[in-house]
Amino acid sequence: MARRFTDANGLLNDLLDRFEAGATSPIAHPDYATFPSVVVADAFLKQIREAESVGAVSLGLGRGAKRDQVVHVRLASAEILYRYLGRTPAPRIAEDAAARLVAGSALHDSLKDSASQIAEVWGRGKTWHGFASSDADTLRHAFVLAQAILDNKHLDVDYKTFSRRTVGHSKTLERIEGAVVRLLGGIMEFPPGARPREALRAIGLERFAPPLLIAGKLDLQGADLSGIAPLYLGIAPKEADRVRFRRPPAYVLTIENFASFNRHIAEADPSRLGTTIYVGGYPSLATQQALRTIAGMVSEQTPIFHWSDIDPDGTWIFHTIERAIGRPIRPHLMTVEIAERLGQVPSKKSAPARCPPGSGIAAVAAYLAEDGAKTLEQEELDPILPGVATLTPTPTSREPLHND
């Protein structure tokens with residue numbers, strides 16, 4: 001669609017905007033039909049002809065009866081038009097702004113590359129994920145926060161304290177967390193479908209660690225619970241070393257979904273043959289450390305399972321727990337056969353976790369990477385004890401699902 005203007009400055013600046021966006025010889029048109037008066041039209045044409053006289057633009061004229069009418073205005077020399085308008089070229093602004101992003105900071109090479117890429121985007125007059133070159137000082141905080149995370153300064157510090165200590169304000173990270181995660185995305189591994197807050201939680205940066213919910217024949221050091229039978233215990237993850245087993249569990253099972261966790265301990269294992277742990281979706285770093293502690297309390301012969309949705313996020317959660325525990329774990333109700341029989345092809349495909357061949361979830365991850373692979377939410381399955389997961393699971397209602 002032709003660009004039409006009644007304001008000469010607007011037209012001339014639009015030519016430069018499009019030049020900065022990549023157009024080599026942009027054209028714009030006077031909008032004769034909407035000039036409010038002859039006086040305004042004359043002033044418009046006077047300025048356009050002045051820009052032509054200095055060599056900034058060339059004018060296209062009409063034919064026949066309109067041979068004296070300016071039909072279009074074409075950029076002739078961007079350099080001259082910048083001078084005529086007193087406008088600084090976007091590449092120069094971008095260069096100066098990008099320099100402020102990294103000034104005085106010792107940054108990871110990937111962050112330096114990101115700054116160069118942002119400068120290139122700004123040089124075309126575009127924004128980088130909503131940040132314009134005028135936002136350079138704000139975006140600089142994202143680089144500082146990202147580097148602090150790479151330096152492990154976020155560990156054992158809550159979300160707001162980390163932000164305050166790093167950039168001087170407790171709410172800065174909250175405002176630009178999306179930019180921080182994008183900067184770190186090529187350096188650190190994040191859950192594929194996680195929102196920025198969830199991604200940061202997965203590497204240990206959270207407001208405060210959520211409680212670890214654990215069910216089984218358990219006591220806590222310094223607290224004898226043998227006289228009561230709670231459905232499950234809620235403890236701070238850092239207190240995982242206080243957990244004591246009254247008897248060795250038949251299995252350890254971690255579960256992603258809260259409803260499935262409650263159903264498993266109430267329906268599949270009311271006698272508490274095993275130890276069942278709710279990990280709350282993407283497991284935080286504190287939760288990962290707690291799982292490592294608990295896994296170290298059981299023998300190598302005690303099987304450890306994980307139950308998630310059969311989808312890319314589920315493979316990421318499984319593999320994260322697998323790495324955190326540092327020993328083989330098995331998928332529970334997470335098989336290609338179950339997905340093929342009861343799942344559906346998702347409307348939007350995403351990449352599963354990158355798992356080595358020896359991972360317990362490698363076969364499912366390979367399947368989910370294929371075209372036409374089906375996914376299944378774990379709430380679709382009735383809980384059963386680990387060890388009998390190869391039997392035919394009983395699906396629940398196929399009504400629309402909701403995440404807890």
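All residue numbers refer to positions in the sequence shown, counting from 1. All heavy atoms count here, side chains included; hydrogens, waters and symmetry mates do not.
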How close do Ala240 and Ala290 get, heavy atom to heavy atom, and via which atoms? CB-CB, 3.7 Å
Under a 4.0 Å N-O cut-off, is there an ion pair linking Glu95 with Arg92? no
Measuring from Asn9:CG to Asp14:CG, what's the distance to the nearest 0.5 Å? 12.0 Å
Less than 4.5 Å apart, any side-chain heavy atom of Leu59 and any of Arg49? yes
Measure from NZ or CZ of Arg197 to the centre of the six-membered ring of Tyr159, then state whether that distance is under 6.0 Å and the direction lies within 45° of the axis. yes
Closest non-hydrogen atom pair, Arg247 against Ser271: NH2-O, 3.8 Å
With Leu101, the side chain to side chain contact (heavy atoms under 4.5 Å, CB included) member among Ile118, Leu107, Asp137: Ile118
Please name the residue in the list Gln147, Lys153, His154 that meets the side chain to side chain donor-acceptor pair (under 3.5 Å) test with Asp151. Gln147
Side-chain contact test, heavy atoms from C-beta onward, threshold under 4.5 Å: evaluate it for Ile203 versus Leu285 and give yes or no. no
Checking the side chain of Arg242 only, and the main-chain atoms of Gln221 only, is there a donor and an acceptor separated by less than 3.5 Å? yes
Side chains of Ile384 and His264, heavy atoms from C-beta outward: is any pair under 4.5 Å? no
Can any side-chain N or O of Ser359 pair as donor or acceptor with the backbone N or O of Ile361 at less than 3.5 Å? yes
Would you say the side chain of Leu12 lies within less than 4.5 Å of the side chain of Leu16, judging by non-hydrogen atoms? no
Taking the side chain from Thr161 and the backbone from Val157, do they hold a donor-acceptor pair closer than 3.5 Å? no
Is the shortest side-chain N to carboxylate O distance from Arg330 to Glu322 below 4.0 Å? no
Ion pair Asp17/Lys126, N-O distance below 4.0 Å: no
Return the minimal non-hydrogen interatomic distance between Ala28 and Leu15, and the atom names on each side. N-CD2, 3.9 Å
Is a side-chain donor or acceptor of Trp307 paired with a backbone partner of Pro383 at a separation under 3.5 angstrom? no
Let me confirm one number: the NZ-CG distance from Lys238 to Leu212, rounded to the nearest 0.5 Å. 14.0 Å
From CA spacing to verdict: side chain to side chain donor-acceptor pair (under 3.5 Å), Thr34, Asp31: CA-CA 6 Å; Thr34 59; Asp31 193 358; 2.8 Å; yes
State whether Glu337 and Arg341 are salt-bridged, where the test is any N-O pair (Lys NZ or Arg NE/NH1/NH2 against Asp/Glu carboxylate O) under 4.0 Å. no
Test side chain to side chain contact (heavy atoms under 4.5 Å, CB included) on Thr293 and Gln288; report intermediate values, then the result. CA-CA 9 Å; Thr293 297; Gln288 294 174 42; over 6 Å; no
Indicate yes or no for a side-chain donor-acceptor contact from His29 to the backbone of Phe5 under 3.5 Å, with no hydrogens or angles considered. no
Taking the side chain from Asp313 and the backbone from Asp309, do they hold a donor-acceptor pair closer than 3.5 Å? no
Counting distance only, does the side-chain N/O of Ser284 pair as donor-acceptor with the main-chain N or O of Ala202 below 3.5 Å? no
Heavy-atom neighbours of Arg354 CZ exceed 12 at 6.0 Å: no
Within-4.5 Å side-chain heavy-atom neighbours: Phe44 and Tyr32: no
In sequence, state the C-alpha distance, the side-chain angles, and the governing distance for Glu52 and Arg74, and then conclude on salt bridge (Lys or Arg N to Asp or Glu O under 4.0 Å). CA-CA 9 Å; Glu52 179 199 29; Arg74 183 188 298 272; over 6 Å; no
Got more than 12 heavy atoms from elsewhere within 6.0 Å of CZ, Arg124? yes
Tell me the closest heavy-atom pair linking Leu183 and Ser114, and the distance in Å. CD2-CB, 3.8 Å
Examine the side chains of Tyr251 and Asp269 and answer whether a donor and an acceptor come within less than 3.5 Å of each other. yes
If you define the side chain from C-beta out and look only at heavy atoms, does anything of Leu213 sit under 4.5 Å from Ile235? no
Pairing of Arg323 and Glu189 as salt bridge, 4.0 angstrom limit: yes
Here the gap from Asp311 atom CG to Ile317 atom CD1, rounded to the nearest 0.5 Å, amounts to 7.5 Å
So how far is it from Asp158 CG to Ser170 OG, rounded to the nearest 0.5 Å? 9.5 Å
For Ala295 and Ile325, which heavy atoms make the closest approach, and how far apart are they? CB-CG2, 3.6 Å
Taking the side chain from Arg246 and the backbone from Leu218, do they hold a donor-acceptor pair closer than 3.5 Å? yes
Would you sort out whether Leu342 and Leu381 count as a side chain to side chain contact (heavy atoms under 4.5 Å, CB included), showing the intermediate values? CA-CA 9 Å; Leu342 300 174; Leu381 301 173; 3.6 Å; yes
Rounded to the nearest 0.5 Å, the CZ atom of Arg140 sits from the OG atom of Ser105 at a distance of 4.0 Å
Is the distance between the ring centroids of Phe261 and Tyr232 under 6.0 Å? yes
Give the C-alpha distance, both sets of side-chain angles, the deciding distance and a yes or no for side chain to side chain contact (heavy atoms under 4.5 Å, CB included) between His306 and Leu253. CA-CA 5 Å; His306 176 71; Leu253 171 65; 5.6 Å; no
Which heavy atom of Ala365 sits nearest a heavy atom of Ala353, and at what distance? CB-O, 3.9 Å
Heavy atoms, side chains only, cut-off 4.5 Å: are Leu61 and Gln69 in contact? no
Could you go through the side chain to side chain contact (heavy atoms under 4.5 Å, CB included) check for Ile321 and Thr287 one step at a time? CA-CA 9 Å; Ile321 293 173; Thr287 296; over 6 Å; no
With heavy-atom distances below 4.5 Å as the criterion, would you say the side chains of Thr275 and Lys217 are in contact? no
Do Tyr367 and Glu340 meet the criterion of a side-chain donor-acceptor pair at a distance under 3.5 Å? yes
Is the backbone of Pro312 close enough, under 3.5 Å, to the side chain of Thr315 for a donor and an acceptor to pair up by distance? yes
How long is the span from the CD1 atom in Ile176 to the NZ atom in Lys171, to the nearest 0.5 Å? 15.0 Å
Please determine if Lys46 and Glu50 form a salt bridge, counting it only when a charged side-chain N lies under 4.0 Å from a carboxylate O. no
So, does Glu380 use its side chain to make a donor-acceptor pair with the main chain of Glu377 at under 3.5 Å? no
